[in-house]
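In what follows, chains carry the letters A, B, and so on, assigned in the order in which the sequence lines appear, proteins first and then strands, with residues in each chain numbered from 1.
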Amino acid sequence: MDGGKPIKESRDVDIPLSAAHFFYYAGWADKLEWAFPNVKPRPIGVAGQVIPWNFPLLMLAWKIAPALAAGNTVVLKPAETTPLSALLFADICMQAELPDGVVNILTGAGKTGSLVVSHPAVRKVAFTGSTEVGKLIQRSLAGTGKRLTLELGGKAANIVFEDAPLDAAVEGIVNGIYFNQGHVCCAGSRLLVQESIFEPLLEKLKIRLGTLRLGDPLDKNTDIGAINSKAQLEKIAGLVESGVEEGAELFQPECKLPERGYWFPPTLFTNVSQSYRIAREEIFGPVLSVLTFRTPDEAVEKANNTPYGLSAGVWTDKGSRILWMAERMRAGVVWANTFNRFDPTSPFGGYKESGYGREGGLHGLLPYLELS
Amino acid sequence: MRGVRSVDQVGAEERAASLAKRSIKKASKLWALDLAIRCMDLTTLEGMDTPGKIAALCAKGIRPKPGDPTIPSVAAICIYPARVADAREHLGSSGVRVASVATAFPSGQSFLSLKIDETQQAVAAGADEVDMVIDRGAFLSGDYQKVYDEIVAIKEACGDAHLKVILETGELGTYDSVRRASILAMAAGADFIKTSTGKVQPAATLPVSLVMMEAIRDFVRETGRPVGFKPAGGIRTSKQAIAYLVVLYETLGPEWMTPERFRLGASSLLNDVLMQIEKERSGAYQSMDYFTID
């Protein structure tokens, strides 16, 4: 309601994945001693959690489910633009007769977040959001003995080899960057295409962009919804402008934008160099930068040539090449012939400036447990 | 042929499933249902087909809802070759076309000379369109040349009649094979490629149709020659028919939303479509007794 995302995504992604996450961690709650044998797993106490506005409910699930399963209490601050689903969740907790004080939702802006993070009773901080704020938090926690996990920005490479199933790759590219208006930390915002298939792939991709429906997020047929805020829209527009200025070639399909609200059409840049800002900085919007490569080695080199390392995608018909690539990608998640696919049993997290710590799977319990 | 680009099974099925969730309501639904009738190949392919059965089917095809001229005629009546003359007689100048299956339908396991002869006789008896089956035995044993040559020969035997080539995707096993067979049939001269005979399970499915439409899209891009698409078998409900139209629209675009480039092969779909149209118009479902069974 407050996020701007299409209801189709809430229906098909956010809600089922959130439910799956709670279901999965509920399974661990009474099995911790078997999950971590001989080390007496115990809760750590109060967890302070700060989440972003791109997936308000799903990020809440990623934070609260493992914390509760490990026996902790939580204080969670949703983003100031998207507090509604967290408040509804609090209501569900009350209906479920969760004891008072176990789940606490605190709404507010950055100031509130810093109070949660710096509160002396908090033993563990979990933050998902921008790299900039992540660094601030890390600095402020130095020397306090509090635990910290960070899930920050990304600039993922989606790498398409010449033998890839092209129609599926086009869908994966679209899903990678235009899903949730590109407000995805693991979005495939850099497309690396093998030069030999650049033309047919780009032609298919441009046709496909023309069929994306942008508009009312509450219409079930909408593919691309609204940009979350004015500030975010200005940031996207600024970076797109820089791309044009630096010499990249802009493509936007014919697309009527609604008059009211914050909107940005699906955008694609070709003629992009590794040095352009649009190829280096996280845009967090529906903007794709297309680069080319000649050999697998060059693909790896270009893909890893970023301060981030959250996710990557590899498209090829060759199984051995998938494994070869996965070994070499400096990214927490490598998707093969798919993109933006999540599962609660699979750990998710970053390398380098994309943060540290893992959420999901058995790994996701570790930050919330004392083991001795 | 082995150089044909591969298909990702998971990706194709996921894309088809997401398109099937498109919500088509009210005016768009009525438009789609009207189009579904105009693109329908109303079919009977039974050993028990008689001149009487064909007469009834033709009447239904020309005027699907008696007394309601706003309901269009179907595109064609699809029947066995031996019944073509009967259909020709009943359809007259209605504009509804006669489509005849041929080439030892449904298995295709016969001699080429007989298949050519069967095709020529069907056309001579008045068939406007011929629905042939490919030789799956040859295809699966890797003899693509034989499959190709046979399609070329049948296309020639068709003369002016349109040729639809049935791949029988339920017997091909993989989406990669479906894509290969699609490219092969189009290269050999097919005017339409068609999923199934309706005699083998699975018949038409949404992912198979998506893969075939993507093959058409690539073929048109390479050659500039548009090829039509016909899913057939197992399409019984309006909801299914609309899902096919959605995939068609999103894959091949509005130029394919016409009976010249799209057909739905179906024997029992028509009354469900009529019922849904009536429901959209009146707001209530009618008893099946108000729809004629032919």
Using a strict cut-off of less than 4.0 Å between a Lys/Arg side-chain nitrogen and an Asp/Glu carboxylate oxygen, indicate whether R341(A) and E14(B) qualify as a salt bridge.
-> yes

Region of D176(B) in contact with chain A, defined by heavy-atom distances below 4.5 Å = neither

Quick one: do E214(B) and K204(A) satisfy salt bridge (charged side-chain N to carboxylate O under 4.0 Å, His left out)? Show the steps, please.
-> CA-CA 11 Å; E214(B) 287 171 347; K204(A) 277 176 185 283; over 6 Å; no

Identify which one of T316(A), D317(A), L166(A), D163(A) satisfies the side-chain contact (heavy atoms from CB on, under 4.5 Å) criterion when paired with S6(B).
-> D317(A)

Does atom CD of E255(B) have more than 12 heavy-atom neighbours, drawn from other residues, nucleotides or ligands, at distances under 6.0 Å?
-> yes

Would you mind checking which part of A164(A) comes under 4.5 Å of any heavy atom in chain B, side chain (CB onward), backbone (N, CA, C, O), both or neither?
-> backbone

Give a yes or no on whether R281(B) atom CZ has more than 12 heavy-atom contacts from other residues, nucleotides or ligands under 6.0 Å away.
-> yes

Segment of V10(B) engaging chain A (4.5 angstrom heavy-atom cut-off) | side chain

Taking atom NZ of K239(B) as the centre, does the number of heavy atoms from other residues, nucleotides or ligands within less than 6.0 Å exceed 12?
-> no

Measure the spacing between CG of N337(A) and CD of Q9(B) and express it to the nearest 0.5 Å.
-> 12.0 Å

Option in R221(B), R217(B), R179(B) with maximal non-hydrogen atom pairs under 4.5 Å from chain A = R221(B)

Answer yes or no: does atom CZ of R236(B) have more than 12 heavy-atom neighbours from other residues, nucleotides or ligands under 6.0 Å?
-> no

Residue L212(A) versus chain B: region with a heavy atom under 4.5 Å | neither

Minimum heavy-atom distance K220(A)-S23(B), with the two atoms named = CE-OG, 3.9 Å

Is it the case that more than 12 heavy atoms not belonging to F251(A) sit under 6.0 Å from its CZ atom?
-> yes

Would you call D167(A) and R5(B) a salt bridge, using N to O less than 4.0 angstrom?
-> no

Keeping the roles fixed (side chain from R22(B), backbone from N221(A)), state whether a donor-acceptor pair exists under 3.5 Å.
-> yes

